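Because the structure is predicted, anything quoted here is derived from the model rather than measured.
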Amino acid sequence: MKAEEYMAMAIELAKDGIGKVNPNPLVGAVVVKESNIIGMGFHEQYGGLHAERNALQNCNTSPNGSTLYVTLEPCCHYGKTPPCTEAIIESGIQKVVIGCLDANEKVAGKGVAILQKAGIEVVVGVLEKECKALNEIFFHYIQHKTPFVLMKYAMTMDGKITTITSDSKWITNEKSRENVHKTRNQYTGIMVGVGTILADNPNLTCRIKGGRNPIRIICDSHLRTPLTSQVIDTKEVKTIIATTNKDTNLHKQYIDRGVEIVETSSENGKVNLKELMEILGRKGMDSILLEGGASLNFSALESEMVHKIQCYIAPKIFGGTTAKTPVMGDGFQAVSNQIQLVNSKTIHFDEDFMIESEVQYVHRHH
């Protein structure tokens, strides 16, 4: 087998940690000796052993003289666990093949240098693009200290998210909806506007076996979330309400029900989203799935906090002048103010399809 094939195996192993390690990175490792795989491991849970140590522990024979394939540069600092570079050096591994370097300036290249100093041969950049994509959330969070935000919406082929009577159940098919739940398992938080709560009274939980529920964040400038709504009723899942409302007596009604209130300054009468992202980042939230609602979607794009968009499209037509579209709000005045999407890819879910794109803000004129 080639180096790429071992690295591809390590990437697949890493994915088994999805939803369990945030805000740590997903990492997979494979130990190979004389063309035989003798050990495999991945970062299984936050605070648990890193992939390299798991792989070494799982070796069925001495790793002395073997090659380690790992998706991310081994750590060289003391965090919740001792550095992996130590374990690698002690194990007698001769060669380490790394997918990509750590994004953390404190670490990048240092792990490599320590291994090389110990006389280990190091190769960097095997399936680098794939290894970076695996941890786009981690890399973003480490560099910016704010959550990576994915905006997701479902629409008909004529671009509607509801009919004229606000009926929206269901636009997409079961396969598409199942994929949304996989995404909810992957992201630390899920964010909607109060309009979505008032219109749909959703639960915003993850409904896959063994999945994890994201923390629910509601942007509610004037605290209009009904105390009887599902997001407040289901206490086993954490809910944060972001508001500009300063009425502490009103706050108390929510706090008594186990809801956390986060106050931001007001921006045109709305929650200041940039400020909110910084607050959530400080709370250790590395990622948010934005299932907005049309006006929150626009505000989020306008404040340039969205990094990626997933648009599910169902082969249906709703029509109607007043039927909602995915992004409404004030809209941008000129074509030159548009938000450009790049690196798009399409995935099919039976008859539905989903377009995933990265958001580019570079060429906008304010």
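Among pairs with a residue in residues 151-170, those fulfilling salt bridge (Lys or Arg N to Asp or Glu O under 4.0 Å) read K152-E291, at least two apart in sequence or across chains.
Heavy atoms only, all atoms of each residue included: I161 and T325 are closest at CD1-O, 3.5 Å. For the residue pair F148 and I137, the shortest heavy atom distance occurs at CD2-CG1, 3.8 Å.
By the 30° and 60° cut-offs, the orientation of the rings of F353 relative to H348 is tilted.
A donor-acceptor distance shorter than 3.5 angstrom exists from the side chain of N213 to the backbone of C206, with no hydrogens or angles considered.
The distance from atom CG of L72 to atom SG of C131, rounded to the nearest 0.5 Å, is 8.0 Å. One distance of note links OG of S176 with CD of Q310; it measures 10.5 Å at 0.5 Å rounding.
Taking the charged nitrogens against the carboxylate oxygens, E178 and K175 have no contact shorter than 4.0 Å, which rules out a salt bridge. Between E136 and K308 there is a salt bridge, since a side-chain N of the basic residue sits under 4.0 Å from a carboxylate O of the acidic one. We find that E44 and K20 are not joined by a salt bridge, their nearest charged nitrogen and carboxylate oxygen being 4.0 Å or further apart.
For K345, the salt bridge (Lys or Arg N to Asp or Glu O under 4.0 Å) partners two or more places apart in sequence, or in a different chain, are E356. Listed by chain and residue number, nothing satisfies the side-chain hydrogen bond (donor to acceptor under 3.5 Å, both in side chains) test with S168 (two or more places apart in sequence, or in another chain). For the side-chain hydrogen bond (donor to acceptor under 3.5 Å, both in side chains) test, no residue two or more places apart in sequence or in another chain qualifies with D330. With sequence neighbours left out, the side-chain hydrogen bond (donor to acceptor under 3.5 Å, both in side chains) criterion links T146 to H140.
Neither I217 nor V259 shares a network with the other; the hydrophobic side chains, linked directly or stepwise wherever heavy atoms of I, L, V, M, F, W or Y lie under 4.5 Å apart, form separate groups for each.
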Please output the side-chain donor-acceptor pairs of residues 110-124 that fall under 3.5 Å, not counting sequence neighbours, one pair per line with the distance.
from : atom 1 : to   : atom 2 : distance (Å)
K110 : NZ     : K106 : O      : 3.2

**Request:** Please assess E278 against K274 for the test salt bridge (Lys or Arg N to Asp or Glu O under 4.0 Å), listing each intermediate value before the final yes or no.
**Result:** CA-CA 7 Å; E278 279 161 20; K274 270 211 161 70; over 6 Å; no
